[in-house]
Every structure is written in structure tokens, then in C-alpha cells.
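Throughout, residue positions are numbered sequentially from 1 according to the sequence presented.
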Amino acid sequence: KQIVTVLFILVLLLGAGIFSVFSQNLDSLKKLASIAKEQKKSEYLLKIANSVLSNSPQEAINYAKQALENTPNDNKILFEYYIITGDAYKNIGNYKKAVSNFKLASSISDKTASLQDKGISYYHLSDVYNITSNYEEALKNVYEDQRIFKSQVDNKEWLANVYHLSLIHI
């Protein structure tokens with residue numbers, strides 16, 4: 001019984017330590033965002049949005065919107081905005097809005113001619129289509145993603161993620 005109590009206390013302390021580090025990093029990003037100039041401020045706001053995405057999807061959407069309002073004509077910021085917002089809507093369970101945002105991110109990647117961004121869009125679309133049991137679209141998107149990243153020899157980590165996702169879909 002004493003061992004269980006000691007283990008429980010250790011787990012609580014470890015969890016508190018991890019949360020404390022996360023909280024400090026988030027606070028640091030918020031401070032940097034408050035003093036940074038346009039482009040950098042948007043980048044910090046997007047990092048904050050990514051940090052809170054899993055636990056607070058609506059808060060992530062709000063930070064992403066602030067980044068977009070700060071730098072509305074930057075395609076890199078716009079792409080990240082749509083990816084983060086799509087992920088947030090996916091986490092909330094609003095799959096229609098998630099798909100819409102991921103498709104908008106895909107269209108931005110067409111403008112910037114970024115194959116990697118295009119692949120990322122396909123990856124996220126395939127994930128949502130899988131969740132919603134639209135397996136035909138999920139497979140179509142994961143195969144496009146694989147096609148893109150096979151051509152990007154230097155991006156083996158992302159290709160491994162794509163293959164993992166395709167195993168889930170198949």
C-alpha cells in the first residue's frame with residue numbers, strides 16, 4: 001500500500017513538472033508574440049496555436065486568426081492558418097469545416113508551388129476522410145501524399161508518417 005502511494009505521488013510530481021515546462025514555454029511564446037513585429041509575431045502566434053491545439057482547439061483557432069489578421073497576405077502564414085484551423089475543427093468534430101480548411105491549404109500550396117505543403121494537405125485530408133469513413137477519398141489523398149513525398153528523397157521522416165497513415169487506411 002505504501003509503494004502504491006509513493007508511486008502515485010511520483011506520478012503526480014512528474015505530471016506537474018511536465019505541465020510546468022509546457023506552461024513556461026507557452027508563456028515565453030506569448031511574451032515574444034506580444035513584442036514581435038508583424039511576420040515574427042504571426043509565426044509566434046501560430047506556434048502558440050499549435051501548442052494549444054490538442055487541449056484547446058477553439059483557442060488554437062483564435063491564435064491562428066490573430067496570426068492571419070497580423071499578416072493577411074503571406075502565403076506561408078495563410079497555409080499554416082488553414083492547417084491549424086482544419087486540425088482544430090477535426091479535434092472538435094466539425095469534419096466539414098476541417099475538410100474545407102485543408103482544401104484551402106491545398107489551394108495555397110498550388111500558389112506557392114510547394115510540393116511539401118501540398119503533401120501535408122493531402123495527409124490531413126486523408127486523415128479526416130478516414131475518420132468519417134470516406135475510405136475512397138482517404139486512399140486517394142494518401143496515395144497522392146505518398147507520390148509527392150517519394151519524389152522528395154530528403155524527407156524520409158514525412159514519408160514514413162505517410163506510410164503509417166496509409167496502413168491505417170488500408
Side-chain angles (χ1 to χ4, degrees), residues 15-134 137-138 140-142 144-145 148-149 152 155 157-159 161-162 164-165 168-169:
I18 290 170
F19 179 75
S20 175
V21 169
F22 172 77
S23 180
Q24 289 173 352
N25 287 342
L26 191 56
D27 289 342
S28 295
L29 283 172
K30 287 178 181 179
K31 285 178 187 172
L32 288 170
S34 70
I35 60 172
K37 300 290 182 206
E38 293 175 20
Q39 177 71 23
K40 275 294 185 194
K41 180 175 186 164
S42 293
E43 290 172 14
Y44 290 133
L45 289 167
L46 289 171
K47 285 180 182 181
I48 294 168
N50 260 324
S51 296
V52 300
L53 183 60
S54 296
N55 296 326
S56 302
Q58 188 57 54
E59 189 177 358
I61 292 170
N62 294 340
Y63 279 113
K65 280 182 184 174
Q66 289 177 40
L68 183 61
E69 289 167 359
N70 189 53
T71 333
N73 298 320
D74 184 308
N75 283 328
K76 179 183 174 203
I77 300 296
L78 195 55
F79 176 81
E80 289 295 322
Y81 165 80
Y82 286 126
I83 292 294
I84 290 170
T85 304
D87 267 340
Y89 282 122
K90 180 187 77 171
N91 292 350
I92 292 169
N94 189 334
Y95 303 118
K96 187 176 182 178
K97 282 189 175 181
V99 166
S100 175
N101 276 276
F102 293 141
K103 285 183 176 181
L104 288 167
S106 181
S107 71
I108 295 299
S109 67
D110 290 338
K111 292 178 186 175
T112 62
S114 170
L115 276 179
Q116 184 167 345
D117 288 352
K118 188 70 165 181
I120 289 168
S121 302
Y122 285 133
Y123 179 85
H124 286 284
L125 281 166
S126 63
D127 190 32
V128 174
Y129 287 134
N130 183 52
I131 292 168
T132 59
S133 301
N134 187 344
E137 284 297 314
K140 181 177 115 182
N141 281 279
V142 84
E144 282 300 311
D145 192 20
I148 287 170
F149 283 101
Q152 308 259 318
N155 205 331
E157 179 183 359
W158 188 264
L159 184 58
N161 287 331
V162 172
H164 174 74
L165 184 62
I168 294 169
H169 292 304

Let me confirm one number: the OG-CZ distance from S107 to F102, rounded to the nearest 0.5 Å. 13.5 Å

Here the pair of heavy atoms bringing A98 nearest to V128 is CB-CG2, 4.1 Å

How many angstroms lie between OG in S106 and CG in D117, if you round to the nearest 0.5 Å? 9.5 Å

Taking all heavy atoms of Y63 and all of A49, pick out the closest pair and write down the distance. CB-CB, 3.8 Å

Correct closest heavy-atom pair for N75 and K111 would be ND2-CB, 4.5 Å

Is there a side-chain contact between Y82 and K103 (heavy atoms, below 4.5 Å)? no

Residue pair F79 / S121, side-chain heavy-atom distance below 4.5 Å: yes

Heavy-atom check, side chain of V142 versus side chain of Y123, under 4.5 Å: no

So, for G119 and D145, which heavy atoms are closest and what is the spacing to 0.1 Å? O-OD1, 2.8 Å

Under a 4.5 Å cut-off applied to non-hydrogen side-chain atoms, are S126 and N130 in contact? no

Would a 4.5 Å heavy-atom cut-off, applied to side chains only, mark I61 and I92 as touching? yes

Calculate, to the nearest 0.5 Å, the distance between atoms CD1 and CD belonging to I48 and E59 respectively. 9.0 Å

Looking only at heavy atoms, which two atoms of A138 and Y129 are closest? And how far apart? N-CB, 3.6 Å

Hey, what do you get for CD (E80) to CG (L78), rounding to the nearest 0.5 Å? 10.5 Å

With a 4.5 Å heavy-atom cut-off, do E137 and L125 have their side chains touching? no

Nearest heavy atoms of L53 and I84, plus distance in Å: CD1-O, 3.7 Å

CG of N62 to CG of L45: how many Å apart, nearest 0.5 Å? 11.0 Å

Out of V99, D127, N101, which one pairs with K90 under the side-chain contact (heavy atoms from CB on, under 4.5 Å) rule? D127

Do E43 and I77 touch side chain to side chain, with heavy atoms closer than 4.5 Å? yes

How far does CD of Q66 sit from OH of Y44, to the nearest 0.5 angstrom? 16.0 Å

